Amino acid sequence: MPANHASPACRQGWRRNRRACTMLHMAEGYDFAAIESKWQARWERDGIYRALDDSDKPKYYAMEMLPYPSGDLHVGHAKNYTLGDAVARMQRMLGYHVLHPMGWDAFGLPAENAAIARGVDPAAWTAENILNMRRQIKLMGTSYDWSREIATCEPEYYRWNQWLFLRLYGHGLAYKREAPVNWCPFDQTVLANEQVIDGRCWRCESLVERRLLSQWFLRITAYADRLLDDLAKLTGWPERTRTMQRNWIGRSEGVQFSFAIESLDDAIDVFTTRIDTLFGATFLAVAPEHPVVQSLLRIVPRDRAAEIASFTENLKSKSELERTSLMEKEGVFTGAYAINPLSHERIPIWLTNYVLAEYGGGAVMGVPAHDERDFDFARKHGLPIVQVVVPREGARPEPLERAFVEDGRLVASDDFSEMPSERAREAIAQRLAATGAGRKSVNYKLRDWLISRQRYWGTPIPIVYCTACGEVPVPDDQLPVLLPLRSRLAEFLETACPKCGGPARRESDTMDTFFESSWYYLRYLDPHNDGAPWAPERARRWMNVDQYIGGAEHTVLHLLYSRFFYKFFHDRGWVSGADEPFQHLFHQGLVLRDSEKMSKSRGNVVGIDETAERSGIDAMRLFLLYVTPPEETSNWTDDGITGRVRLLNRMWRACEPYFEGNRSEPQRAESNAADKALIRAVHVVAKSALDETISRRFHYNTTIAKLDELVNAMTAAASARPGSPALRYAVEKLPILVAPFAPHIAEEIWERLGHATSVHLERYVEPDEAALTTEEITLVVQVNGKVRARISAPAGVTEKQALELALDDSNVRVHLGGKEIRKHVYVQDKLLNLVAA
RNA sequence: GGGGAAGUGGCGGAAUGGCAGACGCAGCCGCCUCAAAAGCGGCCGAGGCAACUCAUGUGGGUUCGACUCCCACCUUCCCCA
């Protein structure tokens, strides 16, 4: 009997939630609410997902990006965690000892802003959110090892942030300098370059301003080449992610050389990838922030000086985006001239808005004929355009409509004329090197990572400023530098110098939260270690992360920073093996509703709690895996999940007659074609699940479609051939097959079939090739590429037999119409194409 | 402007050179029921009485055979400038 009104579980459910109970009776299946909470409690009690550090089995480290504790989970999070959980459970059932941890990216601006808005402490607000979200993640039936949980805002964690910062500092990889930086006026803090998207703050989308501030940087550029080169090793990463990182690092090879300044004992360094166009330089474009401007001001006429000052002042707060893309190319002539090191021509020095102080040394040679931006600028300001490269086969230089930016053949370039661009680049570089004016050089778009944040809710940077000793790192034995209550900030900042004991001031900036997320995957390995961030032998045991799953929005932020950190750790010998943290990376797609991103302001958020109540967690998990391939954007629909609820109910009903105490069914031993097909359906599911896991394609949507077919076949068998051994077999295997995807119902069925241990500790069903093969195949017969017959034939039918069968078919004969068969193509056990004319 | 991904029934999708539309949602019909729900069974791209024909964004190409590979274009999304 299916569950009915009288069942105690349901009476309880009715009291608890009228709506859930209504759904339950509509389904007339099983009491998902009771089963789901029962097993979640049982798994926690038994600790079956605990990862042991000394298991003999091969390890598998499965990890999803840790969430920011914003307060509530929605089904978008659920898609990420369901996929990761399915993978972790699959690997566990394939014989690996799985580490599957979870934690909280708990520092950061939203907590601080929310706390200010509510008048509470960020720590309290965050703790409350974590409490709720941990409950929700557990509610999703996930198989995390909670004994390894971390929260980055706890002193036990951020202490090691500080420790790692000091190691970076000790190796010259953390330093403070004054620089023009991205300032978000809304969040009142600076941002790293990677956190500025289209000139806007990545969090609040305010237009970013530029300010000159003294800030802490991490020297990620020291690792630029390795970060670039090792992308080639990351064959388990999506190609687009690797390409994006490659572009972000932006390595370019060229020449660094200098222009002497006329009547001044100074020079201006420039970098160019197109040294072959040197003879076409008609001006020198300098960023107004360039230090040389101060020298120039000494020799330029007074009226120019005023113009220069106002131009510079005007640009001061303009963002990079405005300067390079939005604004017209503006400039002001300084009145000074530079000397081309090879042609010895005088060219005017201009200050421009489109040259950035932070890139390529803050000055570029202006070659209007061969650079689009220089071309625009020269046109606007009436500067000469001199063509020095012509298309290889083309004839003479002509007035240009636009810049000719391709390689070609040099003209008007002294003794370099007639050389092709590639050769000219070599030759000119050599000449410059010989004269001491320049050398070959490599330039990167990647800049050092700015980690200072002028915000409260973050890891204090462990540096003290002493009036006598200057910048002093806090010694290890004084860590952690505890984040004070906000009301105690003033006293916190006043301290004694660790070196001389004199009066000193603490650094007031906190760290970018990407600092802590760059190494958290190592803390999971050893979360309670209070002598080191992690023990190297733990890293040896568990690293690298075998499968990392998370959103694509972190392609150049978190994922690049983590690679940098990991290489640093590797160089210290703190981790062993490959010097990349994440061997395989998968980006899951978004979950939309009504084709829009879910957000509180739109009021279209589908929450975990309401979904669990309405349809059950197993149904939600199945739906999220089934609705789209995981990398695609999926659309949440309330209708769609009903199909999964039905599937679960059908599963339950198909197994119910076999539950202990229900076994009165006559066992009718009989093997027919339908039974064979049923056994085959079991192995089709197993093969699909296995293939999708091993290939890391994770298209479990197709696996679940095959599960539908299996359950349909079981339902049919239950009415047509109750008690058949094939059905009995399918019932035994079904809970194992669905365990990674719908873990609760799998466990409940498993238990009711009489098993005392968890289904999640079983081995997955091994696909049986013999069961998968069919004795009879359908041979598709085509005439000139069009299907004219489908003929049943024994598997393994020979080409000759197939041809005979086809020619025997009346419809095939009609379409041949007596024409001569010129050739035929046979695909074993599948298809025969007859080509006739 | 450059680069990348995608485009298949009313909808989500399946098929990676070999039967287009698996599986599901929605819809329609039937059984069960006093009735409804649930469940079970069936139908479900278009045209045609049918044999068949057309059909995977558009137009070409390669191939015995193309949703799949190549070229051009259109549209959408993403990244970079």
Side-chain angles (χ1 to χ4, degrees), chain A residues 2-4 22-29 197-199 238-248 250 320-321 324-326 354 372-373 402-403 405 445 552-553 555-556 587 589-592 595 619 622-629 631-647 649-650 652-654 681 684-685 688 697 699-713 715-716 718-720 777-791 810-811 814-815 821-837:
Chain A
N4 58 47
T22 310
M23 287 296 293
L24 172 65
H25 288 110
M26 268 162 58
E28 271 210 38
I197 315 289
D198 291 336
E239 192 52 53
R240 9 175 312 112
T241 305
R242 291 200 281 169
T243 303
M244 280 169 62
Q245 288 209 358
R246 202 172 289 123
N247 293 340
W248 186 263
E320 264 184 36
L321 181 82
T324 56
S325 309
L326 303 179
Y354 72 94
E372 282 167 24
R373 291 180 311 173
R402 48 183 295 184
V405 298
K445 202 187 122 203
E553 66 273 19
T555 42
V556 284
H587 294 306
L590 300 170
V591 180
L592 305 182
S595 306
L622 283 179
F623 178 67
L624 288 170
L625 292 170
Y626 178 74
V627 65
T628 347
E631 70 276 17
E632 301 290 334
T633 300
S634 22
N635 253 299
W636 179 272
T637 60
D638 294 333
D639 279 343
I641 198 173
T642 62
R644 301 304 88 195
V645 173
R646 281 180 200 152
L647 172 68
N649 283 324
R650 284 155 63 83
W652 183 264
R653 282 196 299 272
V684 166
V685 175
S688 172
R697 207 170 72 123
H699 284 200
Y700 294 129
N701 53 323
T702 60
T703 305
I704 295 168
K706 284 162 179 137
L707 182 66
D708 273 291
E709 293 184 86
L710 169 61
V711 175
N712 286 346
T715 304
S719 66
I777 55 102
T778 301
L779 184 71
V780 173
V781 182
Q782 297 180 330
V783 177
N784 288 334
K786 291 199 187 294
V787 178
R788 298 304 176 187
R790 294 184 177 89
I791 303 172
S810 58
N811 199 39
V814 167
H815 284 276
I821 297 175
R822 295 157 67 107
K823 76 182 262 192
H824 65 269
V825 179
Y826 179 60
V827 181
Q828 182 67 52
D829 287 351
K830 267 195 183 147
L831 174 136
L832 179 67
N833 188 11
L834 303 173
V835 185

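Computed from a prediction, not measured in an experiment: that's the story for all the values here. Reminder, nothing fancy here: chain letters follow the sequence lines and each chain counts from 1. Quick note: numbers below take in every heavy atom, side chains included, and nothing from hydrogens, waters or symmetry partners.
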Closer than 4.0 Å, any side-chain N/O of [X] to the OP1 or OP2 of [N]?
X	N	value
Lys445(A)	A81(B)	yes
Arg242(A)	G3(B)	no
Arg650(A)	C40(B)	yes
Arg653(A)	C40(B)	yes
Asn635(A)	C25(B)	no

Taking Gly785(A)'s backbone N and O only, do any of them form a donor-acceptor pair with Asn833(A)'s side chain (distance below 3.5 Å, no angle check)?
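Flag set: sc Asn833(A) to bb Gly785(A) pair under 3.5 Å.
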[X] near the nucleic acid: base, sugar-phosphate alone, or nothing, with a heavy-atom cut-off under 4.0 Å?
X	value
Val827(A)	base
Glu239(A)	nothing
Arg822(A)	nothing
Val835(A)	sugar-phosphate
Arg246(A)	nothing
Lys786(A)	sugar-phosphate
Asp708(A)	sugar-phosphate

Looking only at atom [atom1], what distance separates [N] and [M], rounded to whole Å?
N	M	atom1	value
A14(B)	G65(B)	P	28 Å
A26(B)	U33(B)	P	25 Å
A72(B)	G24(B)	C1'	37 Å

What is the distance from [atom1] of [X] to [atom2] of [N], rounded to the nearest Å?
X	N	atom1	atom2	answer
Asn701(A)	A22(B)	CG	C1'	11 Å
Phe623(A)	C23(B)	CZ	C1'	13 Å
Leu647(A)	G24(B)	CG	P	9 Å
Glu632(A)	A6(B)	CD	P	8 Å
Arg240(A)	G3(B)	CZ	P	15 Å
Arg788(A)	C19(B)	CZ	P	15 Å
Glu631(A)	C77(B)	CD	C1'	15 Å
Tyr700(A)	G12(B)	OH	C1'	21 Å

Pairing nucleotide - [N], Watson-Crick or G-U, each distance under 3.5 Å:
N	result
G7(B)	C74(B)
C69(B)	G61(B)
A81(B)	none
C40(B)	G30(B)
A55(B)	none

Test His824(A) against Leu832(A) for side chain to side chain contact (heavy atoms under 4.5 Å, CB included), laying out the working first.
CA-CA 7 Å; His824(A) 65 269; Leu832(A) 179 67; 4.0 Å; yes
Donor-acceptor pair present, Asp639(A) side chain and C25(B) base, under 3.5 Å:
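No pair found.
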Kindly determine whether His815(A) and Asn784(A) satisfy side chain to side chain contact (heavy atoms under 4.5 Å, CB included), including the steps that lead there.
CA-CA 9 Å; His815(A) 284 276; Asn784(A) 288 334; over 6 Å; no
Pair Tyr826(A), Leu779(A) - check side chain to side chain contact (heavy atoms under 4.5 Å, CB included), show working.
CA-CA 10 Å; Tyr826(A) 179 60; Leu779(A) 184 71; 3.9 Å; yes
Would you please test Lys706(A) and Glu709(A) for salt bridge (charged side-chain N to carboxylate O under 4.0 Å, His left out) and show each step?
CA-CA 5 Å; Lys706(A) 284 162 179 137; Glu709(A) 293 184 86; over 6 Å; no
Could you go through Arg646(A) and Asp708(A), starting from their C-alpha distance and side-chain angles, then the distance that decides it, and tell me whether this counts as side chain to side chain contact (heavy atoms under 4.5 Å, CB included)?
CA-CA 10 Å; Arg646(A) 281 180 200 152; Asp708(A) 273 291; over 6 Å; no
Among Met244(A), Gln245(A), Arg246(A), the one residue meeting side chain to side chain contact (heavy atoms under 4.5 Å, CB included) with Arg242(A):
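Looking at Met244(A), Gln245(A), Arg246(A), the match for Arg242(A) under the side chain to side chain contact (heavy atoms under 4.5 Å, CB included) is Arg246(A).
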